[in-house]
Amino acid sequence: MREDNCIFCKIANGDIPSKVLYEDEEFKVILDLGPATKGHALILPKNHYHNLYDLPDETAGKVMLLAKKMTVHMTEKLKCDGFNLVQNNGEAAGQTVFHFHLHLIPRYAEDGQTLGWKPLELSQEELEEIKSIIIG
Ligand code: 5GP
Ligand code: ZN
């Protein structure tokens, strides 16, 4: 299940070379070409899914299990101080490559990166309204 002109389909299936950290039947884990930190990697399913909205439940479960294994292994090898898992869905959320991928980002005490957001100041009423939209 590939999509023409998808760079991650080509990488995940070996048509374009990459620095591969792990591979099995369903996934490839590669180093990101524009890393946030030393060791920044991407989990790619070999099948094409645009993003999380598209991902089968079973694959989603396997992705998280693989992420956990990679995080533990890479933390041990890289001796990093922490780890971010980042996963962007849609242009508004910063997705630039429309083939599902999960970022594995090792963090170092002095790495100078900021992955964050500016917290909104919402009232209890506003929070309650959002809650009722989501669960209603
Ligand atoms: P997104 O913004 O879609 O969540 O992340 C896309 C990521 O893919 C970026 O971190 C970018 O550096 C990485 N990337 C884009 N093209 C390539 C490529 O050809 N090879 C590799 N290894 N990473 C890529
Ligand atoms: Zn693809």
Side-chain angles (χ1 to χ4, degrees):
M1 219 171 78
R2 294 200 211 177
E3 192 165 280
D4 291 346
N5 300 321
C6 171
I7 181 114
F8 282 1
C9 277
K10 293 189 172 105
I11 290 174
N13 293 284
D15 300 336
I16 292 179
S18 61
K19 302 289 182 207
V20 180
L21 305 180
Y22 172 83
E23 181 170 9
D24 62 25
E25 270 189 11
E26 278 184 77
F27 299 102
K28 202 171 249 189
V29 183
I30 62 164
L31 285 180
D32 193 297
L33 258 192
T37 64
K38 189 181 75 180
H40 181 169
L42 303 169
I43 296 182
L44 311 178
K46 291 184 176 178
N47 282 335
H48 182 90
Y49 308 107
H50 273 73
N51 50 36
L52 193 63
Y53 297 114
D54 228 14
L55 200 67
D57 290 355
E58 199 190 337
T59 310
K62 288 177 181 173
V63 166
M64 191 45 76
L65 199 57
L66 179 54
K68 185 194 168 188
K69 286 182 179 158
M70 290 304 300
T71 297
V72 170
H73 179 77
M74 290 169 74
T75 298
E76 199 181 308
K77 294 288 185 176
L78 294 166
K79 307 201 183 315
C80 55
D81 303 306
F83 230 95
N84 291 120
L85 303 189
V86 176
Q87 205 276 306
N88 301 323
N89 299 286
E91 221 172 304
Q95 186 175 9
T96 59
V97 179
F98 289 83
H99 174 126
F100 175 92
H101 53 281
L102 177 64
H103 294 261
L104 305 174
I105 308 179
R107 299 304 303 272
Y108 305 89
E110 307 296 334
D111 65 28
Q113 290 287 3
T114 50
L115 305 179
W117 55 86
K118 195 164 48 102
L120 301 174
E121 286 178 19
L122 296 186
S123 65
Q124 285 302 315
E125 290 72 28
E126 287 169 313
L127 291 171
E128 192 57 42
E129 194 189 333
I130 295 162
K131 178 184 147 187
S132 45
I133 291 169
I134 296 170
I135 69 171

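Counting starts at 1 for both ligands and their atoms, in listed order.
Atom ND1 is the N, O or S atom of H99 at the shortest distance from the Zn ion (ligand 2).
Below 3.5 Å of separation, one finds an N or O of L33 facing an N or O of ligand 1. Polar contact with ligand 1: absent for I7 (N/O pair, distance under 3.5 Å). Taking distance alone, with nitrogen or oxygen atoms compared against 3.5 Å, H103 approaches ligand 1 more closely than that limit. Backbone and side-chain nitrogen or oxygen atoms of T96 are examined, and one is located within less than 3.5 angstrom of a nitrogen or oxygen of ligand 1.
The protein heavy-atom contact nearest to atom 22 (N) of ligand 1 is L31 O, 2.9 Å. Closest to atom 7 (C) of ligand 1, if we only count protein heavy atoms, is D32 OD2, 3.5 Å. From the protein, the heavy atom lying nearest to atom 15 (C) of ligand 1 is V97 CG2, 4.1 Å. The closest protein non-hydrogen atom to atom 1 (P) of ligand 1 is H101 NE2, 3.1 Å. Among protein heavy atoms, atom 8 (O) of ligand 1 sits closest to F8 CZ, 3.4 Å.
Close contacts between ligand 1 and Q95 involve ligand atoms 3 (O) [criterion: under 4.0 Å to a heavy atom]. Atom numbering of ligand 1 starts at 1 in the shown order; those under 4.0 Å from a heavy atom of I30 are 22 (N).
A salt bridge does not link D24 with K62: none of the charged nitrogens is closer than 4.0 Å to a carboxylate oxygen.
Less than 6.0 angstrom separates the ring centroid of H103 from the ring centroid of H101.
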